[in-house]
Amino acid sequence: MSSRDRSHTAFARAKELIPGGVNSPARAFGGVGGEPIFFESALGQRLTDIDGHVYLDYIGSWGPMILGHRHPRVVAAIAEMLGKGTSYGAPTEAESHLAELIIAAVPSIEKVRMVSSGTEAAMSAVRLARGFTGRDKIVKFAGNYHGHVDSLLVAAGSSAATLGVPNSPGITAGTAADTIVLEYNDVEGLEALFKTRGLDIAALLMEPVVGNMGLVTPSREFLAAARKLTLAHGSLLVFDEVMTGFRLSLGGAQQILGVTPDLTTLGKIVGGGLPLGAYGGRRDVMDHVLPAGKVFQAGTLSGNPLAVAAGTATLEELRDNPPYERLERHGARLEEGFREAAARAGVPAWVARVGSMMTMFFQKGPEVIPVTGWKTASLSDTARYADFFWKMIDRGIYLPCSQYEALFFSAAHTDADIEATIAAAAESLAGR
Ligand SMILES: *Cc1c(COP(=O)(O)O)cnc(C)c1O
């Protein structure tokens with residue numbers, strides 16, 4: 001592909017003005033080397049960079065764009081709201097309408113509070129769990145990312161994993177001490193912890209299907225243990241569905257897994273590409289949130305009209321024209337294509353997928369090791385992933401810029417797009 005001169009110049013300028021030149025570290029290409037690509041516009045399944053190159057988009061803004069970019073229904077809803085007002089600091093009926101859609105879709109949610117990001121949703125859910133139970137300890141899993149909340153930025157995945165900063169400077173030892181980190185899918189570790197400290201634990205937070213150390217699926221036994229142990233000890237089970245919510249099904253991961261958490265956090269798709277998050281769950285727990293209860297949580301732009309309009313249009317489109325069968329069909333084909341291409345090229349790789357989320361973990365071989373948690377994910381051959389990433393960029397395929405991020409595709413991707421992507425992967429893996 002021809003040069004990216006404008007991106008190069010834009011990045012040099014941005015680095016002088018913005019730390020690292022980006023407003024979120026996952027964009028900086030730290031995991032693949034080289035310089036980030038700056039974008040001009042997007043439509044459907046395609047991104048256009050400022051040098052005029054067009055890419056098939058496999059990050060979808062890291063999750064939100066399940067309908068593709070500038071979906072007509074979403075654009076129309078934003079435009080309509082724009083003509084009325086963009087923020088009042090007072091309630092609107094639109095918020096209740098979106099709340100109804102969320103409650104109807106997500107099995108465990110009886111009441112929901114809107115915030116402005118997934119981070120805020122996780123932070124608020126932790127405070128609520130502590131306020132509700134009167135306990136301090138939080139349990140999370142290595143490689144699970146719940147936003148940049150102090151108490152949850154311990155052994156976090158995502159850019160934290162890519163950049164190798166499991167504990168950020170600025171998080172006090174006291175804060176980190178209230179967070180207990182276990183290995184994902186480790187049933188024995190979970191049982192042992194609850195046996196000794198179960199009555200100190202306010203909440204167990206987990207990604208019910210992990211996207212933030214690459215895609216990792218939970219075992220049936222692990223999910224069952226998480227539900228049973230929290231129930232038995234009066235701790236709350238919190239599913240972080242910021243990534244999986246409305247993506248794996250309209251009701252999220254909890255619907256396809258058949259496990260009902262006490263609280264759920266949402267973000268990404270719920271805002272339809274604008275900043276919106278939410279947390280919700282059991283009515284008796286949610287009624288502890290101020291002003292119904294005493295647990296403080298607030299936001300000047302919470303339930304922002306534009307974000308609510310985009311989220312509402314997105315959820316209504318997903319409800320009216322569910323893309324999930326199509327996404328599954330495309331996902332199955334992509335998974336098969338990538339796996340076959342790796343095998344043919346003699347590249348050891350573990351390919352994991354649920355619906356429209358997928359990761360190909362490059363490994364050092366010779367035998368392929370199943371990836372079940374951070375211990376196995378972290379064995380990945382990240383240099384080989386970086387090489388693959390750049391070869392795919394050269395072929396107009398924009399994958400996540402880190403081995404430890406899942407790829408996402410949208411309902412706008414066509415059969416031909418999927419086949420073109422598989423062909424590009426086959427060439428890239430064969431080293432051409
Ligand atoms: C993206 C993400 C978050 C954080 O959401 P932001 O909107 O980036 O703050 C939290 N949890 C999970 C599982 C995520 O994927």
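- Considering only heavy atoms from C-beta on, L204 stays 4.5 Å or farther from L229 through its side chain.
- For the side chain to side chain donor-acceptor pair (under 3.5 Å) with Q254, the qualifying choice from T244, T264, T260 is T264, the only one to do so.
- Between Y55 and I37, some side-chain heavy-atom pair lies under the 4.5 Å cut-off.
- Side chains of I369 and W350 form no contact here, defined as non-hydrogen atoms less than 4.5 Å apart.
- We find that K364 and D381 are not joined by a salt bridge, their nearest charged nitrogen and carboxylate oxygen being 4.0 Å or further apart.
- For the 3.5 Å distance criterion, the side chains of Y184 and N144 fail to qualify, holding no donor opposite an acceptor.
- Residues S249 and I256 approach most closely at CB-CG2, 3.8 Å, considering heavy atoms.
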Exercise for the section: Give the C-alpha distance, both sets of side-chain angles, the deciding distance and a yes or no for side-chain contact (heavy atoms from CB on, under 4.5 Å) between R13 and F38. Expected result: CA-CA 12 Å; R13 175 183 176 211; F38 280 58; over 6 Å; no
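- If you run side-chain contact (heavy atoms from CB on, under 4.5 Å) between V238 and each of I138, L205, V139, only L205 comes through.
- With values rounded to the nearest 0.5 angstrom, I78 atom CD1 is found 5.0 Å from L274 atom CG.
- W62 places no side-chain N or O within 3.5 Å of a backbone atom of E405 that could act as its donor or acceptor partner.
- In this structure, R329 places its CZ atom where more than 12 heavy-atom neighbours from other residues, nucleotides or ligands lie under 6.0 Å away.
- Residues P36 and R27 fail the side-chain proximity criterion, which asks for heavy atoms closer than 4.5 Å.
- Atom-to-atom distance recorded for F39:CZ and I50:CD1 is 9.5 Å, nearest 0.5 angstrom.
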Problem - CA sep, side-chain torsions, deciding dist, call: R4, D51, salt bridge (Lys or Arg N to Asp or Glu O under 4.0 Å) - result: CA-CA 6 Å; R4 283 182 291 269; D51 287 286; over 6 Å; no
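- Using modelled atom types, no side-chain atom of R70 and backbone atom of V75 make a donor-acceptor pair closer than 3.5 Å.
- In this structure, N185 contributes its side chain and T372 its backbone to a donor-acceptor pair below 3.5 Å.
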Problem - Worked verdict on R326 versus D415 for salt bridge (Lys or Arg N to Asp or Glu O under 4.0 Å) - result: CA-CA 10 Å; R326 172 189 174 84; D415 287 6; 5.3 Å; no
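- Formation of a donor-acceptor pair under 3.5 Å by the Q403 side chain with backbone atoms of M360 is found in this model.
- Between L257 and R220, the shortest heavy-atom distance links the atoms O-NH1, 3.2 Å.
- From S116, atom OG reaches atom CG of N304 across 7.0 Å, with rounding to the nearest 0.5 Å.
- Here R127 contributes atom CZ and Y279 contributes atom OH; the two are 8.0 Å apart, rounded to the nearest 0.5 Å.
- For CZ of R6, the number of neighbouring non-hydrogen atoms (other residues, nucleotides, ligands) closer than 6.0 Å is 12 at most.
- Under the 4.5 Å side-chain criterion, counting only non-hydrogen atoms from C-beta, V368 is in contact with Q363.
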Exercise for the section: Please lay out, stage by stage, how D387 and F362 fare under the test side-chain contact (heavy atoms from CB on, under 4.5 Å). Expected result: CA-CA 11 Å; D387 178 70; F362 287 78; over 6 Å; no
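- Of the inter-residue distances, the one linking I397 atom CD1 with T421 atom OG1 reads 4.0 Å to the nearest 0.5 angstrom.
- Dense packing is recorded around NE2 of H330, with more than 12 heavy atoms of other residues, nucleotides or ligands lying under 6.0 Å away.
- T314 and E317 are not linked by any side-chain donor-acceptor pair at a separation below 3.5 angstrom, with hydrogens and angles left out of the test.
- Summarising the geometry of G251 relative to P107, their closest heavy-atom pair is O-CD, 3.6 Å, with the distance given to 0.1 Å.
- More than 12 heavy atoms of other residues, nucleotides or ligands sit less than 6.0 Å from atom NE2 of H288.
- A donor-acceptor contact shorter than 3.5 Å links the side chain of D417 to the backbone of T414.
- Judged purely by atom type and a 3.5 angstrom limit, S235 uses its side chain to pair as donor or acceptor with the backbone of I201.
- The aromatic ring centroids of F29 and F11 lie 6.0 Å or more from each other.
- Partner of H146 under the side chain to side chain donor-acceptor pair (under 3.5 Å) criterion, chosen from N212, T265, D240: D240.
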Handout entry: Derivation of the side-chain contact (heavy atoms from CB on, under 4.5 Å) call for H69 and L47
Key = CA-CA 9 Å; H69 298 273; L47 302 168; 3.6 Å; yes
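- In terms of modelled atom types and a separation under 3.5 Å, the side chain of Q45 and the main chain of S410 share no donor-acceptor contact.
- Counting heavy atoms from C-beta outward, F409 and S356 have side chains that approach closer than 4.5 Å.
- Here the two rings, on Y385 and Y404, have centers that are 6.0 Å apart or farther.
- Looking at every heavy atom in both residues, M65 comes nearest to G272 through CE-O, 4.4 Å.
- Between the side chain of R135 and the main chain of D200, no donor-acceptor pair closer than 3.5 Å is present.
- Residues L215 and F361 come closest through the heavy atom pair O-CE1, 3.3 Å.
- Judged purely by atom type and a 3.5 angstrom limit, T175 has no side-chain atom pairing as donor or acceptor with the backbone of I171.
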Practice task
Just do the side-chain contact (heavy atoms from CB on, under 4.5 Å) check on D320 and R73 with the steps written out, would you?
Solution key: CA-CA 12 Å; D320 298 344; R73 190 163 178 175; 2.9 Å; yes
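- Side-chain atoms of R113 and Q297 include a donor-acceptor pair closer than 3.5 Å.
- Ring pair F389/Y398 is perpendicular by interplanar angle, where above 60° counts as perpendicular and below 30° as parallel.
- Annotation: side chain of V216 is not in contact with side chain of F141 (no heavy-atom distance under 4.5 Å).
- Minimum interatomic distance between V54 and R46 (heavy atoms only, all atoms of both residues): CG1-CD, 3.6 Å.
- Residue K15 places its NZ atom among more than 12 non-hydrogen atoms of other residues, nucleotides or ligands, all under 6.0 Å distant.
- Sorted by first then second residue, the side chain to side chain donor-acceptor pair (under 3.5 Å) pairs that include residues 332-342, not counting sequence neighbours, are R333-E336, R333-E419, E335-R339, E335-R353.
- Rounded to the nearest 0.5 angstrom, F132 CZ and M286 CE are separated by 12.0 Å.
- Formation of a donor-acceptor pair under 3.5 Å by the K391 side chain with backbone atoms of A386 is not found in this model.
- Looking at heavy atoms from C-beta onward, D262 lies out of side-chain contact with S108 at the 4.5 angstrom threshold.
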